[in-house]
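Structure first, then comments.
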Amino acid sequence: GIPNDLVYMVTCDGKDVWVATGGGAGHLDTYTGTWEIFTEQNAPMHEPWTYSVSADNGVVYIAAWGGGIIEYNSKAKRFRDYVDPDGEMELDLYPNDGPVHDITTAAHLSNGILWVSSYFGISRYDGTNWSGYFDHDSGLASNFTNFIKANGDVGWACTDNGISSFNGDTWVTYRKSETGSGGEVIITRGQGVRKIKTTTSISNSFIWGVDFKDDDVWVATSYGLSHGKRIGNSTAEMPNL
């Protein structure tokens with residue numbers, strides 16, 4: 001059956017249901033009713049604690065505590081893991097050599113780009129090169145990132161201080177105002193930063209998750225669900241939240 005009753009995430013891929021749990025990743029074949037369980041005993045994980053799972057057309061990405069990201073091709077029954085090669089758990093010793101940290105919280109593949117979140121920053125992998133981003137050298141709202149998901153070419157990082165989108169060139173962060181109603185949008189491109197006050201806002205700046213449907217974005221916060229809609233076209237795909 002299911003690996004553990006503590007379930008952090010579930011996702012569906014055709015007839016397959018995948019879960020990330022405190023005791024490993026699980027796969028349910030809904031046609032046969034059979035389960036597969038993946039832990040450090042049969043997969044390249046440091047320990048069985050898994051935070052997130054995403055799947056698309058038989059390719060699965062598992063975010064594992066201390067194990068980076070595990071890619072599993074369910075058709076070929078083959079694993080590949082992505083870890084921080086420097087082995088340093090306190091900081092990213094060598095920039096852009098892999099994921100910024102081995103304690104990962106989510107991974108999502110979109111348009112050939114793999115996005116990875118962690119409690120220490122986020123990573124972007126184009127199939128050849130890795131890039132790491134932190135709150136002190138980019139427009140990322142915070143290094144403490146609970147989740148990440150892409151909408152086309154734009155990755156959305158869910159942090160404890162707002163939600164940040166990045167299209168490879170421009171960052172746009174949305175957060176609730178700390179001094180009253182409304183919110184603020186922070187646009188970062190290179191060394192340039194622009195802040196815009198808004199009358200509407202996400203309900204809270206501690207973000208747990210995000211998903212998309214056409215021009216709509218749905219944001220799960222620690223104090224309510226927020227809905228935004230993109231108006232017009234912009235390079236950062238900024239919705240009106």
Side-chain angles (χ1 to χ4, degrees), residues 9 11 13 18 20 25 38 43-46 50-76 78-89 91-159 163-173 188-190 209-212 235-237:
M9 183 166 290
T11 189
D13 183 27
W18 290 86
F38 300 97
M45 300 180 184
H46 178 68
T50 56
Y51 270 140
S52 173
V53 62
S54 65
D56 183 32
N57 197 28
V59 180
V60 184
Y61 291 94
I62 303 167
W65 179 274
I69 296 296
I70 295 95
E71 178 186 287
Y72 179 62
N73 188 312
S74 61
K75 297 176 182 177
R78 185 174 61 246
F79 288 101
R80 178 182 181 183
D81 61 332
Y82 301 93
V83 295
D84 186 5
D86 59 40
E88 175 58 58
M89 295 294 283
L91 50 84
D92 187 34
L93 190 59
Y94 300 108
N96 305 324
D97 61 347
V100 298
H101 206 277
D102 287 341
I103 298 177
T104 55
T105 56
H108 186 230
L109 182 70
S110 178
N111 289 357
I113 303 295
L114 180 64
W115 300 85
V116 178
S117 60
S118 78
Y119 289 153
F120 303 86
I122 72 167
S123 305
R124 182 179 183 270
Y125 180 54
D126 64 8
T128 303
N129 300 306
W130 284 92
S131 300
Y133 303 96
F134 307 93
D135 55 12
H136 62 271
D137 62 4
S138 73
L140 182 64
S142 171
N143 289 336
F144 193 91
T145 311
N146 293 306
F147 183 69
I148 196 164
K149 189 168 186 176
N151 184 21
D153 293 330
V154 183
W156 291 72
C158 303
T159 84
I163 184 167
S164 297
S165 69
F166 181 55
N167 65 358
D169 175 72
T170 303
W171 292 86
V172 182
T173 291
T188 305
R189 181 182 287 116
V210 64
D211 206 358
F212 315 93
T235 57
E237 294 194 13

Counting C-beta onward and ignoring hydrogens, is there a side-chain heavy-atom pair between Ser52 and Thr105 closer than 4.5 Å?
no
Is a donor on one side and an acceptor on the other found under 3.5 Å between the side chain of Ser110 and the backbone of Gly152?
yes
Got Thr159 and Leu140 here, is their nearest side-chain heavy-atom distance under 4.5 Å?
yes
Tyr72 side chain reached by Ser74 side chain, heavy atoms, under 4.5 Å
yes
Regarding Asn143 and Asp135, do their side chains bring together a donor and an acceptor under 3.5 Å, going by distance alone?
yes
Donor-acceptor contact present, side-chain Asn151 to main-chain Val154, <3.5 Å
no
Would you tabulate the side-chain donor-acceptor contacts of residues 53-68 under 3.5 Å, counting partners in other chains and residues two or more places apart, or write 'none'?
| from | atom 1 | to | atom 2 | distance (Å) |
| --- | --- | --- | --- | --- |
| Ser54 | OG | Ala107 | O | 2.8 |
| Tyr61 | OH | Glu71 | OE1 | 2.9 |

Within-4.5 Å side-chain heavy-atom neighbours: Phe134 and Ile122
no
Heavy-atom nearest pair, His108 first then Ala150, reads ND1-N, 2.9 Å
Please give me the minimum heavy-atom distance between Lys149 and Val210, naming the atom from each residue.
CD-O, 3.7 Å
Judged by modelled atom types alone, do Arg124 and Ser131 share a side-chain donor-acceptor pair under 3.5 Å?
no
Please name the pair of heavy atoms, one in Phe147 and one in Ala106, separated by the smallest distance, quoted to 0.1 Å.
CD1-CB, 3.6 Å
So Tyr133 and Trp171, would you call those rings parallel, tilted or perpendicular, with 30° and 60° as cut-offs?
perpendicular
Given side-chain contact (heavy atoms from CB on, under 4.5 Å), test Val116 with Tyr125 step by step and report yes or no.
CA-CA 8 Å; Val116 178; Tyr125 180 54; over 6 Å; no
4.5 Å side-chain heavy-atom contact, Asp84 and Asp102
yes
Kindly assign one of parallel, tilted or perpendicular to the pair Phe79 and Phe38, based on the angle between their ring planes and the thresholds 30° and 60°.
perpendicular
Under the 3.5 angstrom rule, does the side chain of Thr145 hit a backbone N or O of Ala157 as a donor-acceptor pair?
no
